[in-house]
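Here the structure is laid out as structure tokens; the discussion comes afterwards.
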Amino acid sequence: MTTTHAPGANGPDAVSPSRLLPPLAALRCFAVAARTGSFTRAAEELCVTQGAVSRQVLQLEEFYGQALFLRQARGLVLTDAGQLLASTARSALDQIAQTTRVLRRRMEAPELRFMVPTCAMLWAMPLLMRFQGRHPGFRIAVSTTMSHHLDDDRFDAGIVYDRLDDPAPHQRLLFAERLTPVCSPRLTQGAQALRRPKDLARSVLLHARTDHEDWRQWLEAAQLHEIDPALGLDFQTLDLSNSAAAEGYGVALGDRVIGQPAIDSGRLCAPFDFEVATGHGYFLRWQEAHAERAEIAHLAELFGDALREQLDGAPPQASLLRKD
């Protein structure tokens, strides 16, 4: 009776796949020798000696237990086994080479080192992710910083905060800063709710600047002279003061654009429908060496489109301000 074995634990094919694979170096030498028909030419292409190629092919023949070449006076001739292996080896090595090219391109993909101030991260990240989706072959390395100086050694481009009347080269204005009070929605409810700007007199002011200039500007424009802008709590950054506001500790001043994600999520609200322009703004700025990079133009276009959508229907600025 004849017994047949299916590939499995008890059959003749039950060998670890790794043990069925020949030495890669020997396979590579064989493939080149098969293509060139000569150990000598294969050695020249591989930058090794003719003897090294011969030994690698011999190792491969020992591995398979059969001759792969017929050594004849006119050169090498593939045996039937050699022809079968040559075809398979050529296909496999071509696939490995293609994968290598893909991996190398990925490692060599252009990268833009991009700086985002911590206060703008929640607003900027969805746009940067949208940019990445449109340009999957491009890498963007995002870093947050409390500085608004575009460091030559660390960043190629970034979002910076600066005066509107002191423009620097190689930049594009994203939006002018417009401040409005922001707080937890809880502070707009109940008997002590914030309903009118003068209600700030009984609130804790949260400052993102130690000179309190932002609140001084806003209160002056609101004609709320009875409120002292120096009172309240000082924080080192805008995102820290906004975080304290979201927890209900007081009222912060936030830029309408930067604060919009927190407002949309319900963490913050803007209780009064007016804003004050500060004379500052947020810019997309880049190093001179990267001025011609297409990615900069793509980013500027993306930010611009998003801002046009966001600013449609924005509330009036200080020129239309009313105290009550």
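Any value given below was found using the heavy atoms of this structure, including those in side chains, with hydrogens, waters and symmetry copies removed. Remember, predicted model here, so these are calculated numbers, not experimental data.
Between Arg178 and Val257, the closest heavy-atom pair is NH2-CG2, 4.5 Å. Closest non-hydrogen pair, Arg195 versus Gly190, comes out as NH2-O, 3.5 Å. Taking every heavy atom of both residues into account, Leu60 and Phe30 meet most closely at CD2-CB, 3.4 Å. The heavy-atom pair separating Thr36 from Arg41 by the smallest distance is O-NH2, 2.7 Å. Here the closest non-hydrogen pair linking Ser241 and Ala208 is OG-CB, 3.6 Å. Here the closest non-hydrogen pair linking Glu177 and Leu179 is OE2-CD2, 3.6 Å.
For Phe69 and Phe39, the ring centers sit closer than 6.0 Å to each other. Ring pair Phe114/Trp286: centre-to-centre distance not below 6.0 Å. You'll find the ring centres of Trp123 and Tyr282 outside the 6.0 Å limit.
Under a hydrophobic-cluster definition in which Ile, Leu, Val, Met, Phe, Trp and Tyr are linked whenever side-chain heavy atoms come within less than 4.5 Å, directly or via other members, Ile140 and Met129 are assigned to the same cluster. In this structure, Leu299 is a member of the same hydrophobic cluster as Met125, with clusters built from ILVMFWY side-chain heavy atoms closer than 4.5 Å. Hydrophobic clustering places Phe63 together with Leu85 (ILVMFWY residues linked when any side-chain heavy atoms are closer than 4.5 Å, directly or through intermediates). Residues Leu206 and Ile263 do not share a hydrophobic cluster, clusters being chains of Ile/Leu/Val/Met/Phe/Trp/Tyr side chains in contact below 4.5 Å. The hydrophobic cluster containing Trp215 does not contain Leu240, counting ILVMFWY residues as joined when their side-chain heavy atoms lie under 4.5 angstrom apart, directly or transitively.
Summarising the local packing, CD of Gln189 is surrounded by more than 12 heavy atoms from other residues, nucleotides or ligands at distances under 6.0 Å. Counted within 6.0 Å of CD on Gln50, heavy atoms from surrounding residues, nucleotides or ligands total more than 12; the atom is thus considered enclosed. The neighbour count for Gln72 CD, taken as heavy atoms of other residues, nucleotides or ligands under 6.0 Å away, is above 12. The neighbour count for Arg28 CZ, taken as heavy atoms of other residues, nucleotides or ligands under 6.0 Å away, does not exceed 12.
A distance of 5.0 Å separates CG of Leu93 from CG of Leu27, quoted to the nearest 0.5 Å. Interatomic distance, SG of Cys29 versus CZ of Arg55, reported as 10.0 Å (0.5 Å rounding). Distance check, rounded to the nearest 0.5 Å: CZ of Phe272 to OG1 of Thr180 gives 8.0 Å. Between the CZ atom in Arg267 and the OG atom in Ser184 there is a gap of 9.5 Å [rounded to 0.5 Å]. From Ile159, atom CD1 reaches atom OG1 of Thr144 across 12.0 Å, with rounding to the nearest 0.5 Å. In this structure, Glu226 CD and Gln223 CD are separated by 10.0 Å, a value rounded to the nearest 0.5 Å.
Looking at residues two or more places apart in sequence or on another chain, you find no ring-ring contact (aromatic ring centres under 6.0 Å, His included) involving Phe235. With sequence neighbours excluded, the residues forming a side-chain contact (heavy atoms from CB on, under 4.5 Å) with Asn242 are Val182, Leu238, Ala252, Leu268, listed by chain and number.
Side-chain contact between Leu122 and Asp239 is absent, with no heavy atoms from C-beta onward closer than 4.5 Å. In this structure, the side chains of Met115 and Arg285 stay at 4.5 Å or more apart for every pair of heavy atoms. Side-chain contact between Cys183 and Cys269: present, with at least one pair of heavy atoms (C-beta onward) separated by less than 4.5 Å. Put simply, the side chain of Trp218 reaches to within 4.5 Å of the side chain of Leu224, judged on heavy atoms. The side-chain heavy atoms of Leu231 and His212, taken from C-beta on, include no pair separated by under 4.5 Å. Proximity of Leu205 to Ile227: side-chain heavy atoms (C-beta onward) are separated by under 4.5 Å at one or more points. With contacts defined as side-chain heavy-atom distances shorter than 4.5 Å, the pair Val116/Ser143 does not qualify. Residues Phe175 and Arg256 have side chains not in contact (no heavy-atom distance under 4.5 Å, counting atoms from C-beta outward).
Annotation: side-chain hydrogen bond (donor to acceptor under 3.5 Å, both in side chains) contacts involving residues 57-66, sequence neighbours excluded, comprise Glu61-Arg71.
A salt bridge is absent between Asp211 and Arg216: the closest approach of a Lys/Arg side-chain nitrogen to an acidic carboxylate oxygen does not fall below 4.0 angstrom. A salt bridge links Arg113 to Asp156: one of the charged nitrogens lies within less than 4.0 Å of a carboxylate oxygen.
A donor and an acceptor atom, one from each side chain of Thr210 and Asp234, are nowhere located under 3.5 Å apart.
The main-chain N or O of Arg196 is found under 3.5 Å from a side-chain atom of Asp199 such that the two form a donor-acceptor pair. Remark: the backbone N or O of Gln95 is paired with a side-chain donor or acceptor of Thr99 at under 3.5 angstrom. Side-chain N or O atoms of His207 include none that pairs as donor or acceptor with a backbone N or O of Glu213 at under 3.5 Å. For the pair Ser87 (side chain) and Gln83 (backbone), a donor-acceptor distance under 3.5 Å is absent. Although no hydrogens or angles enter the test, the distance criterion places no donor-acceptor pair under 3.5 Å between the side chain of His225 and the main chain of Leu219.
Between Tyr161 and His280, the ring-plane angle classifies as parallel under the 30° and 60° cut-offs.
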Is there a side-chain contact (heavy atoms from CB on, under 4.5 Å) between Leu70 and Thr79? Walk through the geometry before answering.
CA-CA 6 Å; Leu70 296 176; Thr79 64; 3.8 Å; yes
Check step by step if side-chain contact (heavy atoms from CB on, under 4.5 Å) holds for Thr49 and Val53.
CA-CA 7 Å; Thr49 64; Val53 173; over 6 Å; no
Taking it one step at a time, do Ile296 and Leu112 satisfy side-chain contact (heavy atoms from CB on, under 4.5 Å)?
CA-CA 9 Å; Ile296 300 292; Leu112 186 73; 4.1 Å; yes
Is there a side-chain contact (heavy atoms from CB on, under 4.5 Å) between Ser203 and Val251? Walk through the geometry before answering.
CA-CA 7 Å; Ser203 301; Val251 183; 3.9 Å; yes
